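Following: one structure in structure tokens, then a few remarks.
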Amino acid sequence: MLRVGLTGGIGAGKSTVAARLAELGAVVVDSDKIAREVVEPGTSGLAEVVAAFGEQVLTAEGALDRPALAARVFGDDQARARLNAIIHPRVRDRAVQLSAEAPADGIVVQDIPLLVENGMAPAFHLVIVVDAEVEQRVHRLTTARGMAEADARARIAAQATPEQRRAAADVWLDNSGTPEQVLAAVDELWAARLLPYEANVRLGRYSPRGAPELVPYDPSWPEQAARVAARIGLATGKRVDHIGSTSVPGLAAKDVLDLQLTVESLAEADALAAQLGQAGFPVVPGLVQDTPKDGEDPGDWLKRTHCGADPGRWVNLHLRVAGSPGWRFALLFPAWLRADPAARAEYESVKRELAARCESIAEYGDAKDPWFAKAHARAGAWAEGASWSPPG
């Protein structure tokens, strides 16, 4: 199944998005709803909350007095951490149970207000963040929820910043406009990305890549790569590096993130295939070797290759053995280009010329081999002069 994390600041309209996704067919697991359920009267959760904070957090009927509890923990980091230690494990366990009950071809959307704050983004195939202007959020909270303005602003300030949410977001939904606008964006996201992404993960495939097309350097590429690398790292427990052209500031490139997963052996790489596929990175059969350089043994340039199943984010994942020539060159090459502006400009010129005449990615890659053969020695000479060594 496809696992989607949904989050957003208070008053941003996350519930509107969640409701639409449910209408479209998603299995929505609402963490706020679960958080209420685990402290209902008669539950062990409520008993533990009362033991921690006293009878004053109960109503006369014996239910949890949420405003009283909120007043007790707001602004008190120690009290909030104590409450979270009671609630969060119960919410997590129930969310896991509900997700496991979804069909094999389901799209499970976990609605988690504190997804960013709790560092949960890598656990999902995709993270959607719903946002709106602060003043609009304050207006919604004071009118629709009857919250005092000072309280609304304090709640907003206590949550993750927009910058922190953007760093975690694969999809950013601006809900500052009309409800119809955000609902239309959700509909498009569902049809163009979520449905094909789910099918790709389930069937172990990736979307067609098309012809090579260079685009100007995107300053967000490193941040995007960091998000994808965190998912792969969580799935495998292995080192992941951002390599290739998108890791070189200022270099025009295909809009594809190349990542390298370091393994101890090709047998280990093969053993990771299933869990990488489940994480959204199916294996690409047949792509098992880099082009050897300087007459080296082809057996030293073996690898395994996976591609990202997300139709909205092209990823190539190369599994190479630590210390092998291919592993070292994958780390050396972008380091050399970052340090040598002339080499960087030369490589971009080669890329532009080849992209203009090649009709497929495979043809484009093969056409670069002669230049790479010469660049290998040049990069090696730079590494020796600069006393460069692989990071980590």
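This structure is a prediction, so every number in the text was calculated from the model and none was measured. When a residue number appears, it is its place in the shown sequence, counting from 1. Atoms considered below: every heavy atom in the structure, side chains included; atoms not considered: hydrogens, waters and symmetry mates.
The closest side-chain heavy-atom distance from Asp105 to Met1 is not below 4.5 Å. Contact check for Lys14 versus Pro113: side-chain heavy atoms found under the 4.5 Å cut-off. The side-chain heavy atoms of Ser207 and Asn200, taken from C-beta on, include a pair separated by under 4.5 Å. Side-chain atoms of Glu135 and Arg153, non-hydrogen and from C-beta on, do get closer than 4.5 Å to each other. Taking the side chain as every heavy atom from C-beta outward, Ser324 and Asp300 never approach each other to under 4.5 Å. No side-chain heavy atom of Asp310 sits under 4.5 Å from any side-chain heavy atom of Val315. Annotation: side chain of Leu319 is not in contact with side chain of Lys238 (no heavy-atom distance under 4.5 Å). Residues Val57 and Leu64 have side chains in contact (heavy-atom distance under 4.5 Å, counting atoms from C-beta outward).
One finds the CD1 atom of Ile87 at 8.0 Å from the CG atom of Asn84 (value rounded to the nearest 0.5 Å). How far CG of Asp131 is from OG of Ser176: 6.5 Å, rounded to the nearest 0.5 Å. If you take CG on Leu194 and CD1 on Ile107, they are separated by 5.0 Å, rounding to the nearest 0.5 Å. Separation of atoms CG (Leu195) and CG (Leu24) is listed at 8.0 Å; rounding is to 0.5 Å. Taken to the nearest 0.5 Å, the CD atom of Glu117 stands 11.0 Å off from the CD1 atom of Ile112. Distance check: His318 NE2 to Ile243 CD1 gives 5.0 Å after rounding to the nearest 0.5 Å.
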Show your reasoning for whether side chain to side chain contact (heavy atoms under 4.5 Å, CB included) applies to Asn175 and Val17. CA-CA 9 Å; Asn175 191 25; Val17 173; 5.7 Å; no
Would Trp314 and Ile361 count as a side chain to side chain contact (heavy atoms under 4.5 Å, CB included) if you check the C-alpha gap in whole Å, the side-chain angles of each, and the deciding distance to 0.1 Å? CA-CA 13 Å; Trp314 182 357; Ile361 298 296; 3.4 Å; yes
What verdict does the side chain to side chain contact (heavy atoms under 4.5 Å, CB included) test give for Leu2 and Val108, after you've listed the backbone C-alpha separation in whole Å, the side-chain angles of each residue and the deciding distance to 0.1 Å? CA-CA 6 Å; Leu2 191 72; Val108 177; over 6 Å; no
Take Asp258 and Val256 through the side chain to side chain contact (heavy atoms under 4.5 Å, CB included) test and state the conclusion after the steps. CA-CA 6 Å; Asp258 278 283; Val256 50; 4.3 Å; yes
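Thr43 and Arg90 share no side-chain donor-acceptor pair at under 3.5 Å. Side-chain contact, Asp369 with Thr291: a donor N or O sits under 3.5 Å from an acceptor N or O. Side-chain contact, Arg94 with Gln97: a donor N or O sits under 3.5 Å from an acceptor N or O. In summary, the side chains of Lys368 and Tyr347 do present a donor paired with an acceptor at a separation below 3.5 Å, with no hydrogens or angles considered.
Side-chain N or O atoms of His125 include one that pairs as donor or acceptor with a backbone N or O of Gln278 at under 3.5 Å. In this structure, Arg338 contributes its side chain and Pro249 its backbone to no donor-acceptor pair below 3.5 Å. Listed for the Asn118 side chain is no donor-acceptor partner under 3.5 Å among the backbone atoms of Met120. Between the Ser349 side chain and the Ala345 main chain, no donor and acceptor come within less than 3.5 Å of each other. Distance alone, capped at 3.5 Å, is enough to place a donor-acceptor pair between the Glu363 side chain and the Glu359 backbone. At least one donor-acceptor pair closer than 3.5 Å links the side chain of Glu268 to the backbone N or O of Glu264. When atom types are taken as modelled, the side chain of Thr59 and the backbone of Asp65 share no donor-acceptor pair closer than 3.5 angstrom. Under a 3.5 Å cut-off, the side chain of Gln159 and the backbone N or O of Gly9 do not form any donor-acceptor pair. Distance alone, capped at 3.5 Å, places no donor-acceptor pair between the Ser220 side chain and the Glu223 backbone. Between the side chain of Glu384 and the backbone N or O of Ala381 there is no donor-acceptor pair closer than 3.5 Å.
Classification of Glu48 and Arg82 as a salt-bridged pair fails, no side-chain N sitting under 4.0 Å from a carboxylate O. Arg344 has no carboxylate O lying under 4.0 Å from a charged side-chain N of Glu348, or vice versa, which leaves the two without a salt bridge. Taking 4.0 Å as the cut-off between side-chain N and carboxylate O, Glu133 and Arg137 do not count as a salt-bridged pair. Under 4.0 Å is where a charged nitrogen must lie from a carboxylate oxygen, and between Asp290 and Arg320 at least one such pair does. Electrostatic pairing of Glu23 and Arg20 counts as a salt bridge here, judged by a charged N lying under 4.0 Å from a carboxylate O. Using a cutoff of 4.0 Å between basic side-chain nitrogens and carboxylate oxygens, Arg239 and Asp241 are scored as salt-bridged.
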Sequence neighbours excluded and cut-off under 3.5 Å, please list the side-chain donor-acceptor pairs for residues 26-42, or say none.
| residue | atom | partner | partner atom | Å |
| --- | --- | --- | --- | --- |
| Asp30 | OD1 | Asp32 | N | 2.9 |
| Asp30 | OD1 | Lys33 | N | 3.2 |
| Ser31 | OG | Asp111 | O | 3.1 |

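The shortest heavy-atom contact between Ala253 and Ser245 is CB-CB, 3.5 Å. The two residues Val284 and Cys307 have their closest heavy-atom pair at CG2-SG, 3.7 Å. The two atoms that bring Leu261 and Leu272 nearest to each other are CD2-CD1, 4.0 Å, heavy atoms only. Of all heavy-atom pairs between Val116 and Ala168, the closest is CG2-CB, 3.9 Å. Here the closest heavy-atom approach between residue Ala379 and residue Phe329 is recorded as CB-CE1, 4.3 Å. The shortest heavy-atom contact between Arg357 and Ala367 is NH2-CB, 4.4 Å.
Both Val182 and Val109 are part of a single hydrophobic cluster, where members link through side-chain heavy atoms under 4.5 Å apart. Linking Ile, Leu, Val, Met, Phe, Trp and Tyr whenever their side-chain heavy atoms come within less than 4.5 Å leaves Phe124 and Leu6 in two separate clusters. Taken together through direct or relayed side-chain contacts under 4.5 Å among Ile, Leu, Val, Met, Phe, Trp and Tyr, Leu251 and Leu331 form part of one hydrophobic cluster. In the hydrophobic clustering of this structure, Trp172 does not group with Ile128; members are Ile, Leu, Val, Met, Phe, Trp, Tyr whose side-chain heavy atoms approach within less than 4.5 Å, directly or through other members. By the criterion of side-chain heavy atoms lying less than 4.5 angstrom apart, applied directly or through intervening Ile, Leu, Val, Met, Phe, Trp or Tyr residues, Val263 is grouped together with Phe281 in one hydrophobic cluster.
Checking each of Phe372, Trp388, Trp382, Trp327 against Phe333 for a ring-ring contact (aromatic ring centres under 6.0 Å, His included) leaves exactly one that passes, namely Phe372. When each of Arg313, Arg193, Arg231, Arg165 is tested with Asp170 by the rule salt bridge (charged side-chain N to carboxylate O under 4.0 Å, His left out), just one qualifies, namely Arg231.
For Arg145, there are no side chain to side chain donor-acceptor pair (under 3.5 Å) partners, not counting sequence neighbours.
For the pair Arg378 and Trp336, the cation does not sit on the ring face, since its NZ or CZ is not both under 6.0 Å from the ring centre and inside 45° of the axis.
Within a 6.0 Å sphere centred on NE2 of His88, other residues, nucleotides and ligands contribute more than 12 heavy atoms.
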